[in-house]
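Counting starts at 1 for both ligands and their atoms, following the listed order.
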Amino acid sequence: MKGNSTVTLDIRGLSKRFGGIVVADGLNLQIGKGEIVGLIGPNGAGKTSLFNLVTGFVPADAGEISIDGQRIDGLPPHQRARIGVARTWQNARIFQSLSVFDNLLIGARDYPGESVFNNAFRRRELAEQREKSMAQAEIVLARVRLDHKADAFASDLSFGQQKLLAIGRALMNNGPCLLLDEPMAGVAGHIYETIGDVIRSEAAAGTAVCLVEHNVGFVRELCHRGVFMFTGKIMADGPVDELLKDQRLTELYFGAKADKRAAAELEVTA
Ligand SMILES: Nc1ncnc2c1ncn2[C@@H]1O[C@H](COP(=O)(O)OP(=O)(O)O)[C@@H](O)[C@H]1O
Ligand SMILES: [Mg+2]
């Protein structure tokens, strides 16, 4: 991260293992306000797991995670979402039988869910929240350029439009930190351009963005910084072009010499 920028997402000493598989091995990572960081690395490196750990879907074994100086490790996922951590999933996970608009409403930061208590005692508050969420959904619809599809079933969208909808749902959070898991996978043409524009304008508005992506061209165009992960470790952290030029990282990525010795040589102590 640039020395003088404000840290939004601050990860320190984050560790997690599943049996013998280490997915986070004392990770340190800072992402600044308005920064777009590309998380790259081969399949199984622990990229999705990192998002699961930050969002709280998977509990960490050790480490600290803060958003704008506020500790979030230890909080359940919905509280982290309320503080402003939003994510998309590697597979879009949208609700096919709901409309585009309703899919967005579900992503609202304060989405209340259904409960007898809510219905009985918080009617007015919930109505206000719903108004706010609907206004936000209108803004997001325009931002992801799906306004003409608001009432369509999600199942009627093209694959690329579904990816946009998934990003839109994360934007409903309107929080300081956005995690995108392979937002471009399988997408081409004008939707590719739109996704790039959406991410750029989110960052320009001050959101800290971390995205996992195998499309190297996209990472190079979009990201201010690259982070290379392998076996739960950050092997390199710096300008994307430098990472892409690094022969040793390329070998790890494509598995040519992906042995433990090569990994040890590469490790950077953050
Ligand atoms: N909930 C889980 N239980 C057991 N193993 C898991 C779980 N989640 C991920 N893993 C394993 O952790 C490793 C890293 O997975 P993942 O974070 O999905 O990698 P990436 O996104 O970089 O491809 C893989 O070997 C995967 O099988
Ligand atoms: Mg993954």
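- Using a non-hydrogen distance threshold of 4.0 Å, G46 registers as a contact of ligand 1.
- The N/O atoms of Q90, backbone and side chain alike, include none that comes under 3.5 Å of an N/O atom in ligand 1.
- Annotation for ligand 1: atoms under 4.0 Å from non-hydrogen atoms of V23 are 12 (O), 13 (C), 14 (C).
- Between D181 and K47 there is no salt bridge, since no side-chain N of the basic residue sits under 4.0 Å from a carboxylate O of the acidic one.
- Remark: side-chain polar atoms of D25 are not paired, donor with acceptor, to backbone N or O of T231 under 3.5 angstrom.
- In summary, the atoms of ligand 1 found under 4.0 Å from a heavy atom of G44, numbered by their order in the structure, are 13 (C), 14 (C), 19 (O), 20 (P), 22 (O), 23 (O).
- Of the listed options G232, P42, S49, S49 places a heavy atom closest to atom 17 (O) of ligand 1.
- Of all protein heavy atoms, the one closest to atom 18 (O) of ligand 1 is T48 CB, 3.7 Å.
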After noting the C-alpha distance and the side-chain angles of K16 and L14, does the key distance pass the side chain to side chain contact (heavy atoms under 4.5 Å, CB included) rule?
CA-CA 7 Å; K16 176 71 184 179; L14 188 67; over 6 Å; no
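- Between T88 and L180 the shortest heavy-atom distance is OG1-CA, 3.3 Å.
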(Q) For F101 and V140: C-alpha separation, side-chain torsions, deciding distance, then whether side chain to side chain contact (heavy atoms under 4.5 Å, CB included) applies. (A) CA-CA 10 Å; F101 197 78; V140 168; over 6 Å; no
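- The nearest protein atom to atom 3 (N) of ligand 1, hydrogens excluded, is given as F18 CD2, 3.4 Å; this is a heavy-atom distance.
- The shortest non-hydrogen separation linking I167 to P183 is CD1-CB, 4.0 Å.
- Any N or O atom pair closer than 3.5 Å counts here, and I21 shares no such pair with ligand 1.
- Exactly one of I31, I67, D68 qualifies for a side chain to side chain contact (heavy atoms under 4.5 Å, CB included) with C177. That residue is I67.
- A salt bridge links E202 with R143; the closest basic N to acidic carboxylate O contact falls under 4.0 Å.
- Distance check for atom 13 (C) of ligand 1: a protein heavy atom is found below 4.0 Å.
- For the pair OE1 of Q90 and OG1 of T48, the angle whose vertex sits at the Mg ion (ligand 2) is 80° to 10 degrees.
- Note that atom 27 (O) of ligand 1 has no protein non-hydrogen atoms nearby, at separations under 4.0 angstrom.
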